[in-house]
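See below for the structure under consideration.
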Amino acid sequence: MAGKTEMMAYSPGDIKVAMNVLNGLTTTGVLAARSVVTLATILESGKLMEIDEEVEKEDGGI
């Protein structure tokens with residue numbers, strides 16, 4: 001049986017928002033807490049994908 005790997009997939013728009021949140025994150029204050037919540041929401045919204053490792057090797061990787 002082929003080995004399978006699980007991977008989370010996100011939309012490009014979600015990744016842009018996450019990067020902006022991380023770039024603007026500070027260590028204190030309510031705004032920082034809201035930024036962390038936004039980032040956590042984006043990360044929770046990812047979709048779980050299974051990748052067949054044998055097919056990936058045949059295709060030369062992703």
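Owing to the predicted nature of the structure, the values given are computational and were not obtained by experimental measurement. Because only heavy atoms are used, hydrogens play no part in the values below, and waters and symmetry mates are left out as well, while side chains stay in.
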Under 3.5 Å, sequence neighbours excluded: what are the donor-acceptor pairs made by side chains of residues 9-17?
from, atom 1, to, atom 2, distance (Å)
Y10, OH, L43, O, 3.2
S11, OG, D14, N, 3.2
S11, OG, D14, OD2, 3.3

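- Residue M8 is grouped with residue M19 when hydrophobic side chains (ILVMFWY) are merged at heavy-atom distances under 4.5 angstrom, including chains of intermediate members.
- Counting all heavy atoms, side chain and backbone alike, A18 lies closest to I42 at N-CD1, 3.9 Å.
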